[in-house]
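Some notes on the structure that comes next.
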Amino acid sequence: MVMDAYSNPTTIATVEQFKTALMAVRDRIGISPNDLAMLRAHCRAIKHTISTTRLAEELGFKSYAPAGLQYGILAHNVCDALHCVLPPTPSGDPHWWRTLAIGNHGVPVTNDGHYEWIMRPQLVQALQELKWA
């Protein structure tokens, strides 16, 4: 199956690297209660798959935009802590969310009509080992 640029499942970090990065973000910048709630909601979603609309509902936001923005900021901070360089995208934009997830390629229509993210399995395990999710 051909993957799109946002659905590349190539591992970007190990479980231990994600744990170290999350702790570094927590200690240097801080992880807000909303950040933690986002990570929990995504990790606990069926098959660790969620859309920004569903994420917004989980956090009590009125629309998906603030959820996507906050998720992207958290992902950017984790990416920086990992010293990770994400693969290029067709637009050239980094799409920081790809640090925490991959796109659910091949699912053109979701229940809420928005693109779905699948949390990286190494991050799922890291969150579970840290007892954050």
Side-chain angles (χ1 to χ4, degrees):
M1 175 186 345
V2 176
M3 293 286 165
D4 68 16
Y6 308 99
S7 303
N8 184 341
T10 302
T11 300
I12 64 163
T14 66
V15 172
E16 289 304 315
Q17 288 169 326
F18 267 120
K19 286 168 54 176
T20 300
L22 289 166
M23 298 302 283
V25 170
R26 185 196 68 183
D27 294 344
R28 282 191 315 223
I29 300 166
I31 292 183
S32 74
N34 271 351
D35 291 336
L36 194 53
M38 281 190 308
L39 291 171
R40 282 187 181 131
H42 194 174
C43 187
R44 293 175 179 170
I46 296 169
K47 297 183 181 179
H48 315 294
T49 302
I50 201 163
S51 69
T52 51
T53 299
R54 183 71 188 125
L55 197 57
E57 290 170 359
E58 290 284 331
L59 295 172
F61 292 158
K62 293 181 181 184
S63 76
Y64 68 90
L69 177 63
Q70 187 171 343
Y71 196 88
I73 291 168
L74 175 61
H76 190 171
N77 290 334
V78 172
C79 190
D80 287 350
L82 288 169
H83 307 287
C84 176
V85 176
L86 295 172
T89 63
S91 69
D93 295 326
H95 295 275
W96 297 110
W97 62 265
R98 296 178 308 135
T99 306
L100 308 178
I102 62 170
N104 195 3
H105 181 72
V107 181
V109 179
T110 61
N111 290 339
D112 58 28
H114 288 109
Y115 195 69
E116 291 181 324
W117 296 331
I118 304 168
M119 186 173 272
R120 292 183 178 275
Q122 300 83 5
L123 178 57
V124 169
Q125 187 175 339
L127 290 169
Q128 291 169 341
E129 289 182 13
L130 289 169
K131 304 215 183 312
W132 288 13

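The chain is numbered in sequence order, starting from 1. Only a predicted model underlies this, so the values are computations on that prediction, with no experimental measurement involved.
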Between OG1 of Thr49 and CG of Asn104, what distance do you get to the nearest 0.5 Å? 5.5 Å
What residues join Ile46 in its hydrophobic cluster, counting side-chain heavy atom gaps under 4.5 Å, either direct or through other members? none
Quick one: does Leu82's side chain get under 4.5 Å of Gln17's, heavy atoms only? yes
Look up atom OG in Ser51 and atom CH2 in Trp117, then write down how far apart they are to the nearest 0.5 Å. 8.5 Å
Who else is in Ile102's hydrophobic cluster (ILVMFWY, side-chain heavy atoms under 4.5 Å, direct or via others)? Ile118
Between CZ of Arg120 and OG1 of Thr99, what distance do you get to the nearest 0.5 Å? 7.5 Å
What pairs of residues pass the salt bridge (Lys or Arg N to Asp or Glu O under 4.0 Å) test when at least one of them lies in residues 94-105, not counting sequence neighbours? none
Does any non-hydrogen side-chain atom of Ile12 lie less than 4.5 Å from one of Phe18? yes
Taking all non-hydrogen atoms of both residues into account, name the closest pair between Ala81 and Ala24 and its distance. CB-CB, 4.4 Å
Do Val15 and Met119 share a hydrophobic cluster, counting only Ile, Leu, Val, Met, Phe, Trp and Tyr and linking them when any side-chain heavy atoms are less than 4.5 Å apart? no
So which pairs with a foot in residues 6-27 pass salt bridge (Lys or Arg N to Asp or Glu O under 4.0 Å), sequence neighbours left out? Glu16-Lys19, Lys19-Glu129
Are a donor atom and an acceptor atom from the side chains of Asn8 and Thr10 found within less than 3.5 Å of each other? yes
Looking at residues at least two apart in the chain, or sitting in another chain, which of them share a ring-ring contact (aromatic ring centres under 6.0 Å, His included) with Phe61? none
Do you know which two heavy atoms are closest between Ile50 and Ala45, and how far apart they sit? CB-CB, 4.3 Å
Does Leu36 belong to the same Ile/Leu/Val/Met/Phe/Trp/Tyr cluster as Met23, with side-chain heavy atoms less than 4.5 Å apart forming each link? yes
Spacing of Thr53 atom OG1 and Glu58 atom CD [to the nearest 0.5 Å]: 12.0 Å
Hey, can you pull the donor-acceptor pairs under 3.5 Å for the side chains in residues 66-76, sequence neighbours left out?
{"residue": "Gln70", "atom": "NE2", "partner": "Asp35", "partner atom": "OD1", "Å": "2.9"}
{"residue": "Tyr71", "atom": "OH", "partner": "His42", "partner atom": "ND1", "Å": "2.7"}
{"residue": "His76", "atom": "ND1", "partner": "Trp96", "partner atom": "NE1", "Å": "3.4"}

Member of Leu39, Ile31, Val25 meeting the side chain to side chain contact (heavy atoms under 4.5 Å, CB included) criterion with Val78: Val25
If you compare all heavy atoms of Ser91 against all heavy atoms of Tyr6, which two are closest, and at what distance to 0.1 Å? OG-OH, 4.2 Å
Run the numbers on Leu59 and Met38 for side chain to side chain contact (heavy atoms under 4.5 Å, CB included), then give the verdict. CA-CA 7 Å; Leu59 295 172; Met38 281 190 308; 3.0 Å; yes
Nearest 0.5 Å, what's the CG-CD distance between Leu130 and Gln125? 10.5 Å
Nearest 0.5 angstrom please: Tyr115 OH to Thr52 OG1, how far? 11.5 Å
